[in-house]
**Student:** 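Structure below; questions to follow.
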Amino acid sequence: MKNFQYVRPTQQQAALETLAQDDKAMFIAGGTNLIDLMKRNVVLPEKLVDINRLPLRKIEPTSKGVRIGALASNSEVAEHPLIREKFPLLSQALISGASAQLRNMATVGGNMMQRTRCYYFYDAALPCNKRQPGSGCGALQGINSKHAIFGFSDKCIAVHPSDMCVALVALEATVLVTGPKGERQVPFKDFHRLPGEHPERDTNLEKNELILAVDIPASSFTQNVHYLKVRERASYAFALVSVAAALDLDKGTIRNARLAMGGVAHKPWRLMEAEKALVGKPVSEETFQQTAALAMQGAKAFEHNAYKLKLAPNAITQALKTAAGLS
Ligand SMILES: Cc1cc2nc3c(=O)[nH]c(=O)nc-3n(C[C@H](O)[C@H](O)[C@H](O)COP(=O)(O)OP(=O)(O)OC[C@H]3O[C@@H](n4cnc5c(N)ncnc54)[C@H](O)[C@@H]3O)c2cc1C
């Protein structure tokens with residue numbers, strides 16, 4: 001691990017200015033991802049700007065829903081009574097992630113900014129366009145069992161590892177950020193990027209911007225929701241495939257639906273066509289299987305991840321069944 005400077009400002013403006021002054025400075029929040037990356041020489045900041053003393057930890061109701069500060073820990077969000085009651089999908093997704101100890105340290109902003117778990121990204125001796133643009137993608141012809149089936153490019157086939165973000169994209173959250181040009185709001189679906197020609201950029205957060213909060217609008221998705229995470233062991237493992245399913249039911253008919261997947265693309269993968277197709281349909285296994293088939297259109301596997309082409313539709317069907325109370 002390389003030496004670095006460490007500063008801990010108490011004012012937001014000072015944090016932004018300190019970051020902007022130094023091209024190799026980075027924010028640090030819980031440190032659960034960044035410190036790992038530094039130890040492995042994957043990311044080499046020369047200065048860490050610790051944001052933990054900024055007042056960004058509140059979780060509070062707003063006239064439109066709830067605002068969650070970027071420094072609220074994953075545990076605080078998951079266990080907050082307002083989140084459990086009004087946004088149980090988010091609570092479920094958070095609790096499925098990492099371990100209790102990690103969730104106590106991990107923050108909302110850090111979770112959104114966490115990097116992929118692709119082996120080629122984590123091993124500084126191997127080629128990776130995300131870590132070192134132009135070096136190639138080792139996973140394309142290599143060990144690609146955990147990799148994308150949607151939205152990849154010939155430069156990168158990595159997936160975004162977050163559970164929380166899958167629920168947030170389904171709940172149509174908005175991200176409040178600030179930076180040299182002032183505050184702006186980014187719809188959650190546009191926060192993360194597909195790799196295209198520039199896999200080194202995971203998100204549309206601009207240089208020197210700070211995430212302040214996430215706003216989630218109130219919705220009717222408070223009861224018939226389910227976050228299904230399929231992984232190699234029961235805890236402390238990233239999703240092979242995950243599904244955030246939320247249904248608004250009128251007796252046996254679907255009035256409205258939200259559906260998103262994790263572990264399948266470079267960003268949380270919202271399934272809007274499948275959502276639309278669910279509206280007006282009866283709650284049934286057949287409806288959910290048809291939705292899953294629609295959701296999988298355009299999916300493509302690599303040498304070692306073809307199992308996801310079967311796992312993903314099964315997971316969608318199962319998540320929708322559980323959300324609807326059918327299983
Ligand atoms: C063993 C292990 C298992 C895990 N399992 C899961 C899992 O199953 N599911 C899951 O979703 N996650 C999992 N994680 C990842 C974990 O959720 C993330 O490490 C954590 O959310 C990162 O948050 P942090 O506050 O620690 O971020 P940090 O490590 O402090 O920072 C991460 C990145 O975010 C940036 N950043 C932080 N805050 C802000 C901000 N406010 N504005 C702008 N940039 C910011 C930092 O500059 C850095 O680039 C796991 C991690 C580990 C180590």
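Heavy atoms only: backbone and side chains are in, while hydrogens, waters and symmetry mates are out. For ligands, and for the atoms within them, numbers begin at 1 and follow the listed sequence. Every value quoted in this text rests on a predicted model; they were computed, and no experiment measured them.
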**Student:** Taking the side chain as C-beta and beyond, is there a heavy-atom pair between Leu320 and Leu259 under 4.5 Å?
**Tutor:** yes
**Student:** Tell me whether ligand 1 is touched by Ala237 - counting only heavy atoms on the residue side and a distance under 4.0 Å.
**Tutor:** yes
**Student:** Got an N/O contact under 3.5 Å between Asp36 and ligand 1?
**Tutor:**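 In fact, backbone or side chain, Asp36 has no N or O that close.
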**Student:** At under 4.0 Å between heavy atoms, is it the side chain or the backbone of Pro161 that contacts ligand 1, or both, or neither?
**Tutor:**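 Within the 4.0 Å criterion, Pro161 contacts ligand 1 through backbone atoms alone.
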**Student:** Between Asp202 and Arg193, is there a side-chain N and carboxylate O pair less than 4.0 Å apart?
**Tutor:** no
**Student:** Below 3.5 angstrom, do we get any N/O pair linking Ile211 and ligand 1?
**Tutor:** yes
**Student:** Taking only residues two or more places apart in sequence or in another chain, which ones pass ring pair (Phe, Tyr, Trp, His ring centres under 6.0 Å) with Phe302?
**Tutor:** Phe152
**Student:** When you check the gap from the basic side-chain N to the acidic O, do Arg184 and Glu209 get nearer than 4.0 Å?
**Tutor:**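 So Arg184 pairs with Glu209 through a salt bridge.
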**Student:** Under 3.5 Å between some N or O of ligand 1 and some N or O of Glu209?
**Tutor:** no
**Student:** Tell me whether the centres of the aromatic rings in His160 and His266 are closer together than 6.0 Å.
**Tutor:** no
**Student:** Does the pair Arg40/Asp123 count as a salt bridge with the N-to-O cut at 4.0 Å?
**Tutor:**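 Salt bridge between Arg40 and Asp123, a charged N being under 4.0 Å from a carboxylate O: no.
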**Student:** So, is Ala29 polar-close to ligand 1, with some N/O to N/O distance under 3.5 Å?
**Tutor:**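 Such a contact does occur with ligand 1.
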**Student:** From atom 12 (N) of ligand 1, work out which of Gln114, Arg231, Met113 has a heavy atom at the shortest distance.
**Tutor:**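 Heavy atom nearest to atom 12 (N) of ligand 1 belongs to Gln114.
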**Student:** Can you sort out which atoms of ligand 1 are near Tyr236, meaning under 4.0 Å from one of its heavy atoms?
**Tutor:**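 Going through ligand 1 atom by atom, the ones under 4.0 Å from Tyr236 are 1 (C).
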**Student:** List in chain and number order the residues that pass side-chain contact (heavy atoms from CB on, under 4.5 Å) with Arg67, two or more places apart in sequence or in another chain; answer none if no residue qualifies.
**Tutor:**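 With neighbours one apart ignored, the set is Thr62, Leu176, Gln185, Ala213, Asp215.
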**Student:** May I ask which of Leu210, Thr32, Leu71, Leu19 has a heavy atom nearer to atom 22 (C) of ligand 1 than the others do?
**Tutor:** Thr32
**Student:** Using distance alone, determine whether Arg117 and ligand 1 share an N or O pair under 3.5 Å.
**Tutor:** no
**Student:** For ligand 1, note which part of His160 has a heavy atom under 4.0 Å away: side chain, backbone, both or neither.
**Tutor:** neither
**Student:** Between Glu285 and Lys321, is the closest basic N to carboxylate O distance under 4.0 Å?
**Tutor:**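 Yes.
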**Student:** Is the backbone of Asp248 close enough, under 3.5 Å, to the side chain of Ser220 for a donor and an acceptor to pair up by distance?
**Tutor:**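 No; zero donor-acceptor contacts below 3.5 Å.
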**Student:** Out of Asp50, Thr107, Leu94, Val43, who gets a non-hydrogen atom closest to atom 25 (O) of ligand 1?
**Tutor:** Thr107
**Student:** With respect to Met26, determine whether any N or O atom, backbone or side chain, lies less than 3.5 Å from an N or O atom of ligand 1.
**Tutor:** no
**Student:** Is Ser96 close to ligand 1, meaning an N/O of one under 3.5 Å from an N/O of the other?
**Tutor:**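 It does not: no N or O of Ser96 is found under 3.5 Å from an N or O of ligand 1.
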**Student:** Less than 4.0 Å between a side-chain N and a carboxylate O, is that true for Lys207 and Asp23?
**Tutor:** yes
**Student:** Please check whether Gly97 reaches ligand 1 - meaning an N/O of the residue sits under 3.5 Å from an N/O of the ligand, judged on distance alone.
**Tutor:** no
**Student:** Would you please determine whether Met112 falls within less than 4.0 Å of ligand 1 on a heavy-atom basis?
**Tutor:**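 Contact check Met112 vs ligand 1: negative.
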**Student:** Flag the pair Glu76 and Arg57 as a salt bridge only when some basic side-chain nitrogen lies within less than 4.0 angstrom of an acidic carboxylate oxygen.
**Tutor:**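 Looking at Glu76 and Arg57, the cut-off is met.
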**Student:** Of the choices Leu102, Ile35, Ile51, Val108, which has the non-hydrogen atom that lies closest to atom 3 (C) of ligand 1?
**Tutor:**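 Considering heavy atoms of Leu102, Ile35, Ile51, Val108, the nearest to atom 3 (C) of ligand 1 sits in Leu102.
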**Student:** Between ligand 1 and Gly109, is the shortest N or O to N or O distance under 3.5 Å?
**Tutor:** no
**Student:** Only one of Met38, Lys47, Met26 clears side-chain contact (heavy atoms from CB on, under 4.5 Å) with Phe4; which?
**Tutor:** Met38
**Student:** Is there a polar contact between ligand 1 and Ile28, counting only N or O atoms under 3.5 Å apart?
**Tutor:** no
**Student:** For atom 11 (O) of ligand 1, which candidate among Asp163, Leu37, Thr203 holds the nearest heavy atom?
**Tutor:** Asp163
